[in-house]
Amino acid sequence: MKLVVLADNNTYIDQYYLAEPALSIYIENSDKKYLFDTGYSDVYLKNAAKLGINLERLDAVIISHGHNDHTGGLAFYPKTKHKPLMIAHPGIIEDKKADGLSISLPVSEA
């Protein structure tokens, strides 16, 4: 099994990957390819490109929960003919707030 962190709040000096307070992990297991969460923005796509990881032929996108720091990147996911399976709890679409601010899933359709 291969796990590659595409987005989190850490980065290394001189490697020039982007960071954000969010999470996205690319997973390979045998011949299957998964994306676990999509971070807050398109950072996961930019880092995947720098790492030579093609996210256009995934078997599934797995969303851990509906907060925007785990789902925000869905708005930037490439529009391709291949549509990966989307795995998420049904509650992902429910409104979520923290300190009066929305932290909900920022897209209505992935």
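Counting heavy-atom neighbours within 6.0 Å of N10 CG, excluding the residue itself, gives a total above 12. No more than 12 heavy-atom neighbours from other residues, nucleotides or ligands sit within 6.0 angstrom of OH on Y40.
For K50 (side chain) and Y16 (main-chain N/O), a donor-acceptor pair under 3.5 Å exists by modelled atom type. Counting only distance, with no hydrogens or angles, the side chain of S24 and the backbone of G39 share no donor-acceptor pair below 3.5 Å.
Between D42 and K46, some side-chain heavy-atom pair lies under the 4.5 Å cut-off. With a 4.5 Å cut-off on side-chain heavy atoms, L23 and L6 do not count as touching. With contacts defined as side-chain heavy-atom distances shorter than 4.5 Å, the pair K96/S102 does not qualify. Within the 4.5 Å cutoff, the side chain of L105 has heavy atoms near those of the L74 side chain. Between Y44 and L18, every side-chain heavy-atom pair lies at or beyond the 4.5 Å cut-off.
Linking Ile, Leu, Val, Met, Phe, Trp and Tyr residues whenever their side-chain heavy atoms come within less than 4.5 Å places M1 and I62 in a single cluster. Hydrophobic clustering (ILVMFWY, side-chain heavy atoms < 4.5 Å, transitive): L85 and Y34 are in one cluster. Linking Ile, Leu, Val, Met, Phe, Trp and Tyr residues whenever their side-chain heavy atoms come within less than 4.5 Å leaves I103 and F76 in two separate clusters. A chain of hydrophobic side-chain contacts below 4.5 Å, direct or via other Ile, Leu, Val, Met, Phe, Trp or Tyr residues, connects L3 to F36. With hydrophobic clusters built from ILVMFWY side chains whose heavy atoms lie under 4.5 angstrom apart, I27 does not share a cluster with M86.
Counting all heavy atoms, side chain and backbone alike, L55 lies closest to Y77 at O-OH, 2.8 Å. Here the closest non-hydrogen pair linking L58 and H82 is O-NE2, 2.6 Å. When all heavy atoms are compared, the tightest approach of P78 to L45 is CD-CD2, 4.0 Å. Considering every non-hydrogen atom in both V4 and I53, the closest pair reads CG1-CD1, 3.9 Å. Taking every heavy atom of both residues into account, D69 and A22 meet most closely at O-CB, 3.0 Å. Considering all non-hydrogen atoms of both residues, I92 and G66 come closest at CG1-CA, 3.6 Å.
Distance check, rounded to the nearest 0.5 Å: NZ of K97 to CG of D99 gives 11.5 Å. A distance of 5.0 Å separates NZ of K33 from OH of Y26, quoted to the nearest 0.5 Å.
Under 3.5 Å, the side chains of E20 and S41 contain a donor-acceptor pair of N or O atoms. Counting only N and O atoms by type, the side chains of S64 and D37 include a donor and acceptor under 3.5 Å apart.
Taking the six-membered ring for Trp and the full ring otherwise, H89 and H65 have centroids separated by 6.0 Å or more.
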